[in-house]
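Fair warning: this is a prediction, and the values are worked out from it, not measured in the lab. FYI, side chains are in, hydrogens and waters are out, and symmetry mates aren't considered; it's all heavy atoms of this structure. The sequence lines fix the lettering, A, B, ..., with proteins before strands; numbering per chain opens at 1.
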There are 2 protein chains.
Amino acid sequence: MAVTIDDVARTAGVSTATVSRALRGLPHVHERTRAVVHRTASDLGYVPSKSAATLATGRTRTVGVLTPHVAKWWFAQAIEALEDELRASGYDLLLLAVPRAAAGRRPAFDPEQLRQRVDAVAVLSVPLTGGELDGLRRLHLPLAFLGASVSGAMSVRVDDVGVGRTATEHLLALGHIRIGHIGGDPEEAWNVHAFVDRRAGWMSALRAAGLSPDHDLDVSGALTVAGGRAAMSGLLALEQPPTAVFVASDEMAFGALTAVRDAGLRTPQDVSVVGVDDHELAELFGLTTVRQSVEEQGRAAARMLLSTLAGTPAHSNEHLLLPTTLLQRVTTGPGARAVLPDR
Amino acid sequence: MAVTIDDVARTAGVSTATVSRALRGLPHVHERTRAVVHRTASDLGYVPSKSAATLATGRTRTVGVLTPHVAKWWFAQAIEALEDELRASGYDLLLLAVPRAAAGRRPAFDPEQLRQRVDAVAVLSVPLTGGELDGLRRLHLPLAFLGASVSGAMSVRVDDVGVGRTATEHLLALGHIRIGHIGGDPEEAWNVHAFVDRRAGWMSALRAAGLSPDHDLDVSGALTVAGGRAAMSGLLALEQPPTAVFVASDEMAFGALTAVRDAGLRTPQDVSVVGVDDHELAELFGLTTVRQSVEEQGRAAARMLLSTLAGTPAHSNEHLLLPTTLLQRVTTGPGARAVLPDR
DNA sequence: CTGTTAGCGCGTTCAG
DNA sequence: CTGAACGCGCTAACAG
């Protein structure tokens, strides 16, 4: 059916070994022969069989990408960047969505299924159980984590504690005292690390300013617009609502802004809101946020994996921390209540 | 290195053929033998080599997904649905982003590279050149288009002409006469079909109402928030601005709403806006929109492909049209200017 | 119901 | 610089 390397060899009048060498750019092939082989290969429309090559070499030229979501902003961005970088180096991207939680607890993911299917694995903020992580390690494949770091594997992420601290310090600098926090619901089993860290940053900044975090102002919600909205509603309903809130993701922050509007209040006069991500719609909302470049994280992770695959073992245990930037827009300000002494 | 089928055969005391049959659930295997094989396979941690199976059968159990974008809402939704449905049937998803336009014209995509790598292809609103389409057809693989339909291949989409008509009729029913249209820039090379159709629906509805579409009110922009914002700004700057606008995607509609706000106007009092998609943030904006379920389209396409692969040739040339629904929220209404006779 | 055997298409020694 | 021959791990006849 399909044209094989033998067909090319035969019509080019050389052996299959020569075709293989010529086409893969290996040395020890006369330029004339190489040219002939290239020509007849393209004349015949020869496409090497990937599976045959894999079977022969053990290498798949495929990278597995493990993700809990594909349509969520952060993940989609990361996947796009990974795909672009991998394809540029001739690698295929095998997309593997880790099954959703059926009833709270998702079926254990079996890393063994990746054996002999990929040369490396990128893990996108998937909260793996210890067993799953061990299984992944047992594969002895280059492993890169995005948005989390795990000992003994490469990782690319931002300093999430720093993110929380930056956002909170911004609010403190504006004169706010009652600063709330809306984090990701720990029940939702993804990206936990990031949200735990961001919360820690919030607390740390408050403490450094001599304030003690108020339990009532520390809430969490689903990592969605609706979750942020509900959480903010709760905060605003408090007897002493916060004058500023650090929301641990832009999507939740959008919801929080809606809750502010619903309550008949305004930002930043009545309450300041700062998010994290710089989601593409953040500018639309005028949302002040701590920007992270997911695209760069994705590309960096891909390059780490690729260079490890290329035999540069330098990265094999590297933990890369990418910078973040506070983007001040219009949802944060001194605020009327913050300026007036309220004691 | 890895444990092979021979290892299993040997330690189970049977032949490789029996192991193969037993593990794949083929008939003509004694239940006792099957049980033994299963046990020793799992004891040994046997994982079949996919490439060996592919080489032997010619089938890859992989479906290629061709997409121009992965992080855009519509595409991410579709990919997620496809992945879920494919994985449920044991198929891998090979993600292939068609390279972006370098300078307007992207490098031709070569479908031959898919040969021997996938069993079927899903094409997500990629505007293919005739040559590319022919190349894809020459693969003789099951082909499913999402968001567009092409003769001689399966497709799943919504009735985009109907979408444009529905949105426009809604506006007409509210009493609007000067109804604008913001479409996708034809220069942007994706999803063109859908945007052409939606525009046609707009025109058709106007004509059916005895109105003739006003050229000044028919604009287009980049398929982004910024694009919609710019386009709407232009419309509002007109001497006789529209009192209602049909925006061909929610993302653009978000931008349009911003432009309305920027101009010191309000929806729906000053201008009504209706979008398309029901983007996850549409509710937040109170945006009236024509909803389409991308997830269902993705699942349907996957199932068509899968059943064709399973040998049910019923679908081989099926064109599925999924329903859409007008979701009336708060960005559309009679509007002050529409109600007052303006002659 | 089970075993034997011959490929699938390529990479890779090892000779020349 | 080039060719011959083997093996990667599995499936699919064909025998039995």
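Side-chain contact of B:T16 with B:D6: a donor-acceptor pair under 3.5 Å is absent, judged by distance alone. At a cut-off of 3.5 Å, with distance as the only test, a side-chain donor of B:S15 or B:T18 sits close to an acceptor on the other residue.
Residue B:S20 places at least one side-chain N or O under 4.0 Å from the OP1 or OP2 atom of D:dT11. Contact annotation: B:T18 reaches the phosphate of C:dG3 (side-chain N/O to OP1 or OP2, under 4.0 Å). An OP1 or OP2 oxygen of C:dT2 is reached within less than 4.0 angstrom by a side-chain nitrogen or oxygen of B:T33. An OP1 or OP2 oxygen of D:dC8 is reached within less than 4.0 angstrom by no side-chain nitrogen or oxygen of A:R59. Side-chain nitrogen and oxygen atoms of A:T4 include none within less than 4.0 Å of the OP1 or OP2 phosphate oxygen of C:dG9.
Here the nucleotide nearest the side chain of A:I5, chosen from D:dA12, C:dT12, C:dC10, is C:dC10.
Between the A:E295 side chain and the A:A81 main chain, no donor and acceptor come within less than 3.5 Å of each other. Judged by distance alone, with hydrogens and angles left aside, the side-chain atoms of B:K50 form a donor-acceptor pair with the main-chain N or O of B:R61 at under 3.5 Å.
A heavy-atom distance below 4.5 Å is not found between the side chains of A:R59 and A:T54. Side-chain contact between B:V98 and B:T67 is absent, with no heavy atoms from C-beta onward closer than 4.5 Å.
Counting all heavy atoms, side chain and backbone alike, A:P142 lies closest to A:L309 at CG-CD2, 3.9 Å.
Relative to the axis of its first five pairs, the axis of the last five pairs of the helix from C:dC1-D:dG16 to C:dG16-D:dC1 sits at 30°, rounded to 10 degrees.
Within residues 21-29 of chain B, the residues having any heavy atom closer than 4.0 Å to DNA chain C are, in order of number, B:R21, B:H28, B:V29. Near-neighbour residues of DNA chain C inside residues 35-56 of chain B, defined by a heavy atom below 4.0 Å, number-ordered: B:L55, B:A56.
Mapping B:H30 and B:T16 onto DNA chain C by nearest heavy atom places B:H30 closer to the 5' end of the strand.
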